[in-house]
Amino acid sequence: MTETDLFSPLQLGSSLLENRMVMAPLTRNRATTDFIPQAMNVEYYTQRASAGLIISEASPISPQGIGYPLTPCIFTAAQTEGWKTVVDAVHNKGGHIFMQLWHVGRISHPSLQENNALPVAPSAICPAGDARTYTGLQPFVTPRALEVDELPGIVEDYRVAAENAKQAGFDGIEVHAANGYLLDEFLRDGSNQRTDAYGGSIENRSRLLMEVIDAVTTVWPANQVGVRISPENSFNDINDSDPQITFNLVAKRLSSYGLAYLHTIEGDMANGERKINYREIKDNFNGHYMANLAYDLERAQTAIKQGDTDMVAFGSLYIANPDLVERFKANAPLNTPDQDTFYGGDEHGYTDYPFMES
Ligand code: PHB
């Protein structure tokens with residue numbers, strides 16, 4: 001019997017993945033002004049179809065969930081149709097693709113909201129830093145704390161977005177509960193100072209996430225739904241006083257659903273620091289585990305062989321290397337990602353990274 005490695009197949013829900021390499025969700029800000037995926041997006045995803053799994057860039061579930069220019073969304077029929085052209089093309093190449101559902105919470109700006117509304121959050125706490133707006137960086141504002149009676153509407157937005165994702169033909173969905181966006185703002189106690197049923201205990205802080213999972217699993221079989229968390233990431237000025245305890249319990253609670261996977265950003269994106277034990281989080285979760293953050297081929301192989309993860313997601317390596325699977329298999333040199341073209345622009349730095357010479 002051959003040993004399981006990064007190139008071994010994996011059954012994920014109804015999808016048989018050819019390998020355990022995942023293209024991480026990557027915000028690229030190249031949709032139309034109506035937030036509809038367009039031809040260059042189809043080309044970009046199709047180029048990367050040899051990944052075992054592609055996770056779409058984060059896609060807002062509602063106008064309120066938008067926090068950046070030109071992010072493709074999933075709340076209108078036209079956006080759903082646009083995504084279908086991406087999904088069909090990836091499927092035609094034999095690939096598999098999940099959609100990441102996103103509500104940015106306080107990481108927005110009035111200029112990105114309908115009627116210049118304030119962004120919303122669990123508590124009225126202004127994150128340090130700047131929003132990326134159509135007129136450049138602007139300081140974050142103090143968000144409006146959501147009323148309890150607004151939460152069912154947000155849960156319903158997730159459910160409808162999950163339906164749209166199904167309509168578009170995706171193989172599954174990933175609920176984005178990481179990186180300082182709305183669901184993560186509820187999970188972590190630095191941003192959640194509520195005193196109602198959605199604040200205080202870890203059970204209360206994870207209530208909104210569980211309600212979202214309850215809703216989207218009325219649309220999708222649970223084994224086609226993944227969740228993304230980032231226990232220690234300080235990105236978007238967020239923190240938790242005890243990430244090990246908080247996320248061990250979140251992983252345990254998520255286990256009752258029989259989900260597809262738990263996608264974990266292991267450490268702080270700002271400096272790579274990793275202080276907690278991710279194996280504990282994995283061991284608290286009963287589905288597949290997907291590791292992410294600064295993995296290369298060697299680290300990924302070691303982690304899989306040691307049983308520390310089932311899949312590995314690659315971010316910036318996938319921006320620069322459409323054929324990352326083939327390059328890893330051949331131990332070939334990698335293209336270098338160009339930071340200047342990560343967010344927004346045209347095909348340059350998007351679909352023009354060269355494939356390996358054959
Ligand atoms: C970003 O746009 O920088 C971004 C978006 C979603 C993430 C992380 C980063 O989860």
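When a residue number appears, it is its place in the shown sequence, counting from 1. Indexing begins at 1, ligand by ligand and atom by atom, following the structure's order.
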List the atom pairs, donor and acceptor, that lie under 3.5 Å between side-chain atoms in residues 10-18 and the rest of the protein, sequence neighbours left out.
residue, atom, partner, partner atom, Å
Q11, NE2, G13, O, 3.1
Q11, NE2, S15, O, 3.4
S14, OG, Q224, NE2, 3.2

Spacing of F342 atom CZ and S316 atom OG [to the nearest 0.5 Å]: 5.5 Å
Measure the shortest side-chain to side-chain distance between Y278 and L293 over non-hydrogen atoms and say whether it is less than 4.5 angstrom. no
Considering residues at least two apart in sequence or located in another chain, which fulfil the salt bridge (charged side-chain N to carboxylate O under 4.0 Å, His left out) criterion with E326? none
Mind jotting down which residue pairs meet the side-chain hydrogen bond (donor to acceptor under 3.5 Å, both in side chains) criterion with at least one end in residues 210-221? Sequence neighbours excluded, please. Y198-E211, D214-Y257
Establish whether I276 and Y289 are linked, either directly or via other cluster members, by ILVMFWY side-chain heavy-atom contacts under 4.5 Å. yes
Name the residues in contact with ligand 1, where contact means a heavy atom under 4.0 Å away: which are they? T27, Y68, W102, R132, H176, N179, Y181, R228, F235, Y343
